[in-house]
Structures are given as structure tokens and as C-alpha cells.
Number of protein chains: 2
Amino acid sequence: MPSRTVEDYLKHLYLLEKGGQTPASQVAMGGLAAAVGVTAGTATSMVKSLSDSDLVDYEPRAGVRLTRAGTKLALQVLRRHRLIELFLVQTLGLDWSEVHEEAEELEHAISDKVLEKIDTLLGHPDTDPHGDPIPPSTGSPKQEKLTPLNDCAPNTTAKVARVRDQEPEFLQFVDKHGLTPGAQFTVESHTPSADAITVRPHDREPVTLGSAAAGKIMVKVGR
Amino acid sequence: MPSRTVEDYLKHLYLLEKGGQTPASQVAMGGLAAAVGVTAGTATSMVKSLSDSDLVDYEPRAGVRLTRAGTKLALQVLRRHRLIELFLVQTLGLDWSEVHEEAEELEHAISDKVLEKIDTLLGHPDTDPHGDPIPPSTGSPKQEKLTPLNDCAPNTTAKVARVRDQEPEFLQFVDKHGLTPGAQFTVESHTPSADAITVRPHDREPVTLGSAAAGKIMVKVGR
DNA sequence: GATTTGACTTTGACTACTCAAAGTATACAC
DNA sequence: GTGTATACTTTGAGTAGTCAAAGTCAAATC
Ligand SMILES: [Mn+2]
Ligand SMILES: [Mn+2]
Ligand SMILES: [Mn+2]
Ligand SMILES: [Mn+2]
């Protein structure tokens, strides 16, 4: 049974591999250390031991990559994390801005049996409250092609699909302006030189976002 | 924040203090070590460090006792444990024989916020699936005076209040014969010399128990 | 009162994880 | 090409928790 620590390293490694939109061959130690919240030296020694367990491939000074076994474990942790998040929102009524932190602990404590009960209770959902895909119990999650809100032209009508940031303040802002996953909206204006995009959710007042914020909102263009 | 390990030591210490029906002044190291599942030497060194943190009073070779601060923490862990057990049975539909083990992990992972959501969802219950009292968020649980099934005379009518054993096999047996907390029954016969007691639950076939088993079932006499 | 026994404590060693600080390799600049 | 910055690795040390085995105390037995 992998420790809590190992599970977190693998999960963050997976997210970093996918995060860089390119095929993302190798992950740099620095990035991993920052993601897990340890010093670079700590990450180096942990990665060496993950490598000894064949959970990652490690080339000193080049980078780390999950093996097939490591990826499988990472996906199991991610599945637990995201199902728990949805459960906390749906069943216990927590706010979507606070469930990430809760799930960070619970993802290591829950058994397969409880997880499958939750999955059934929620009706086998395939995305979490932030629009992130919930990996199936075996295999990989399907990655939908999404557009950053950034790249939308004026008059486009689209639907929010995914919000790629766990900061409570950002999530609360998004919620307040009705841009949670599923929300439909129309782009009113887009001024790249002013770094601003204005959108009108179908049942709210228009809101203007800078590109840093707009880049975190992934949308699906269409009716 | 106390570690998972510290929480478990304190919780078991509390249960051992109350477990011995006498005022149970001091707990012996051996008993604590067995309860927590470590060697005696490990328990000794842990108890010394708990003593340094003023969570227990420790007299070498005499025994250990929780301080007020230690008792408070132990009760918080116990509250989490028992609310989680009830939640798992009530909301997720797990069997009462398997929730103890699950709660053993979850009791260390759940936040106060989630705990209070669960408490509210369940309607502020005061006993868990096994009939064990759920400590209130502050203060001590009220101890009801209960009789071991052992001590019931023939023709007594009583109600099961609490089942004091977490063994899945025993719990499944109890459930199968309809002796879960809340169940009414009548004592058909009691033969101390044969070490046996026969009871008839009001909606089941009679069942005969040895005194070891009957001693674990606590009842409330009367209709 | 001396001896045996069982419970307890101490010691030494190990695993897992962590950091600060010192050392090294690589890439980028000039 | 030499120099320097940056990222990375290594080293040394510390905390938390654990066990096996050796040592000690005290109560029970004789
Ligand atoms: Mn985590
Ligand atoms: Mn999420
Ligand atoms: Mn526990
Ligand atoms: Mn219980």
C-alpha cells in the first residue's frame, strides 16, 4: 500500500505531465518539488526511491516521468480526489471553493468499498465540481478538446466546461458571476491589446476578465 | 495538530479508562500496547512523549491516565469515529459490521466542517450503529445505565441498547438473529450452570447464546 | 527472606520523511 | 571559450514512529 506521501507525489507528477499541453515528456524536479511543497533535495531523494519501486523513470538532471504502474496509481488517487470533491458538494453541501483542500486529505483515507458507494450514489459522474474529468476505475479519463475563454472571439456563444484553478478566492469570484461549469454565455467583446474580455452569462450581468483569469476558464463553443 | 498516531493512543486510552467498569484510575502499559497494536517498549516511549505534552499523567510501572486536555482530544476523535460510522451505515449503506474499520482511518482525515455537516445531515444523533454514545462537540457523553444480557432473568422483556464488540463475524451473527440496537425481545430461559441464555426477539426465532456472547450485549430492561 | 516470574523500561537499530547548506553540472551570456 | 547563474544533487542532521532484545523492578511464591 503506497503511503500518503507517495500518493501525493504520483498524483502531482501526473498533473504536471498532463498540465503542460505538449506531450510533456519529462517533468523537472523543481516543478515537482513546488507542486508537492517540499525542497528540491527532498524531491530528488523521493524520486530516487519511487524509481527503485519502478513507479517513475528518472534521469538525473533531465527529469522524471511516470511508468505505467505509476500512472495507474496516480489515476486511482485522482479518481478518489475528484469523486470526493463532488460528493462533498453534492451530498454534504460544501462550497466548491473549499472541497479541494478537504479532498487532499480524504483521498488517502477512503477505501475502495466506500469509493464505489459514493460513485453509485452520485450516478457514476464523469466530471468533478470544477469540470475536471473523473478517471474511470480502470483506464484513463477521456480528454475533451476545450478552448480557453481567452481564445473566444466576440459574439461567440459557449458553455463553461472547466475551471483550472483551485484558489478559493478565484472560485468564489467565478461562482458569483455565474461562470461555473455548465453555464452558457456570450462573448461581448475581446480586446487583446487591453488584455480584457467581457462575457455575458445568460442569466447574469456581464463581467470583464483579464487574460490571466480568462485563461483558466475552459469552454466548449456552441449553442 | 496531533498526529494520527497520537489520536489513536488517546482514543484507546479513553476507551480503556471507561472500559474497566470500576472508576479505572490508571491504565496498564500492556493493555494500552495491545489496544494500539504496538510492542510494550513502543507504548512506553510514546506515553513518555504524551506526558511531555501534558496529554497524560504517567507513573513508570504504575500506569497512565489521560489529563483533562488528553480526555478532550480523545473525545473529539471518538465523536468523529462514531459519527462517521453512523454516516457510513445511514447514508452510504455499508454494513454495520464493516464500518468500524473504515472509521478507524477516516476519523483522522475529516475536518470539523465536514463533521458538522454530517452531524446535521444525520439529525444530531446520540448513538452510533453499535449503540455507543456519540460524544457531543463539547463535554462528555452521558452514560446510560445498561444491563448485560447475561444478568437478565427468564421472562424479562428488554430492548437491545448496545453491542460491545467490533468483530465483523459477531456483528453479522447478531444482525442475523435480530438483536441489533433497538430490538425488543423476551428472555425464554437462563441456565447459568449451562452457561446459556435463550432469548426470543419479537419478530424472530429464539436464539441461544453463551455467556461470553451474552455479556457483550447490553440491554435496557422494560417495554 | 531468597527466588522466580511477568510486566515494564531501556537500548540500539531501522524506515520514512523532511530541511539547510554545500557541492556540481549545464546552459546561457558575453 | 571562459564565466556565471540556475537548477539540481549530495551530504549531514533531525523528527516521528517502530521493533527486538536486553535489562530492571516488584509482586507472588516458596
Ligand atoms: Mn493529498
Ligand atoms: Mn477538482
Ligand atoms: Mn484510527
Ligand atoms: Mn461503533
Side-chain angles (χ1 to χ4, degrees), chain A residues 1-13 16-17 19-20 24-66 69-70 73-74 77 104-105 107-109, chain B residues 1-13 16-17 19-20 22 24-66 70 73-74 77 104-105 107-109:
Chain A
M1 199 102 306
S3 69
R4 187 213 138 98
T5 306
V6 167
E7 289 189 341
D8 276 335
Y9 274 89
L10 295 177
K11 183 187 67 177
H12 283 117
L13 221 25
L16 289 169
E17 280 187 8
S25 45
Q26 313 217 105
V27 175
M29 286 310 299
L32 177 59
V36 177
V38 295
T39 62
T42 299
T44 298
S45 80
M46 187 65 203
V47 161
K48 279 200 269 189
S49 101
L50 293 176
S51 178
D52 290 345
S53 317
D54 289 314
L55 293 170
V56 303
D57 288 328
Y58 169 52
E59 292 177 58
R61 292 180 198 269
V64 209
R65 195 194 324 222
L66 290 169
L73 270 173
V77 180
E104 205 52 60
E105 289 299 317
E107 66 190 357
H108 311 292
Chain B
M1 201 100 307
S3 67
R4 186 215 138 99
T5 305
V6 166
E7 289 189 343
D8 277 336
Y9 275 88
L10 295 176
K11 183 188 66 177
H12 282 118
L13 222 23
L16 290 169
E17 280 186 9
T22 39
S25 45
Q26 312 217 109
V27 175
M29 286 310 300
L32 177 59
V36 177
V38 295
T39 62
T42 300
T44 299
S45 81
M46 187 66 203
V47 161
K48 279 201 270 190
S49 102
L50 293 176
S51 179
D52 291 345
S53 317
D54 289 313
L55 293 170
V56 304
D57 289 327
Y58 169 52
E59 292 177 59
R61 291 178 200 270
V64 210
R65 195 195 322 225
L66 289 169
L73 270 173
V77 180
E104 205 53 60
E105 289 299 317
E107 66 190 356
H108 312 291

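Per chain, numbering begins at 1; letters A, B, ... match sequence-line order. This one's a predicted model, so the numbers in the text were calculated from it and none came from an experiment.
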Trainee: Respond yes when some side-chain nitrogen or oxygen of K48(B) is under 4.0 Å from OP1 or OP2 of dT9(C), and no when none is.
Mentor: no
Trainee: Would you indicate which nucleotide in dT9(C), dC17(C), dT10(D) comes nearest to any side-chain atom of S3(A)?
Mentor: dC17(C)
Trainee: Among dA7(C), dC17(C), dT18(C), which is the nearest nucleotide to the side chain of V6(A)?
Mentor: dC17(C)
Trainee: Please give, in whole Å, the distance from dA16(C) C1' to D52(A) CG?
Mentor: 14 Å
Trainee: Counting just side-chain N and O atoms, does T42(B) come under 4.0 Å of either OP1 or OP2 of dG17(D)?
Mentor: no
Trainee: As a quick check of understanding, evaluate side-chain contact (heavy atoms from CB on, under 4.5 Å) for V6(A) and M46(A), giving each step before the final call.
Mentor: CA-CA 8 Å; V6(A) 167; M46(A) 187 65 203; 3.2 Å; yes
Trainee: Looking only at heavy atoms, what is the nearest atom pair of E104(B) and E107(B), with distance?
Mentor: OE2-OE2, 2.7 Å
Trainee: M46(B) has an atom CE; how far is it from atom C1' of dT15(D), in whole Å?
Mentor: 12 Å
Trainee: In terms of side-chain heavy atoms of V38(A), which of dT18(C), dC8(D), dT18(D) is nearest?
Mentor: dT18(C)
Trainee: What nucleic acid atoms does G41(B) come within less than 4.0 Å of, heavy atoms only: base, sugar-phosphate, or nothing?
Mentor: base
Trainee: So what does A43(A) hit on the nucleic acid, given a heavy-atom distance under 4.0 Å: a base, only sugar-phosphate, or nothing?
Mentor: nothing
Trainee: Nearest to the Y58(B) side chain among dT9(D), dT9(C), dA20(D), which nucleotide is it?
Mentor: dT9(C)
Trainee: Any side-chain N or O of T44(B) under 4.0 Å from OP1/OP2 of dC8(C)?
Mentor: no
Trainee: Between M29(B) (CE) and dT18(D) (P), how many Å, whole number?
Mentor: 12 Å
Trainee: As an exercise, state the distance from CG of L13(A) to CD of Q26(A), rounded to the nearest 0.5 Å.
Mentor: 10.5 Å
Trainee: Kindly compute the distance separating CZ (R4(A)) from CD (E105(A)), expressed to the nearest 0.5 Å.
Mentor: 4.0 Å
Trainee: L32(A) CG to dT9(D) P: how many Å, rounded?
Mentor: 11 Å
Trainee: When the distance from NE2 of H108(A) to P of dC17(C) is rounded to whole Å, what number comes out?
Mentor: 12 Å
Trainee: Ignoring the backbone of Y9(A), work out which of dT18(C), dC8(C), dT10(D) is nearest its side chain.
Mentor: dT18(C)
Trainee: Rounded to the nearest 0.5 Å, what separates atom OG in S3(B) from atom OH in Y9(B)?
Mentor: 9.5 Å
Trainee: Which nucleotide in the set dC25(D), dG17(D), dC19(D) lies at the smallest distance from any side-chain heavy atom of R61(B)?
Mentor: dC25(D)
Trainee: How many whole angstroms separate atom CG of L50(A) from atom C1' of dA16(C)?
Mentor: 12 Å
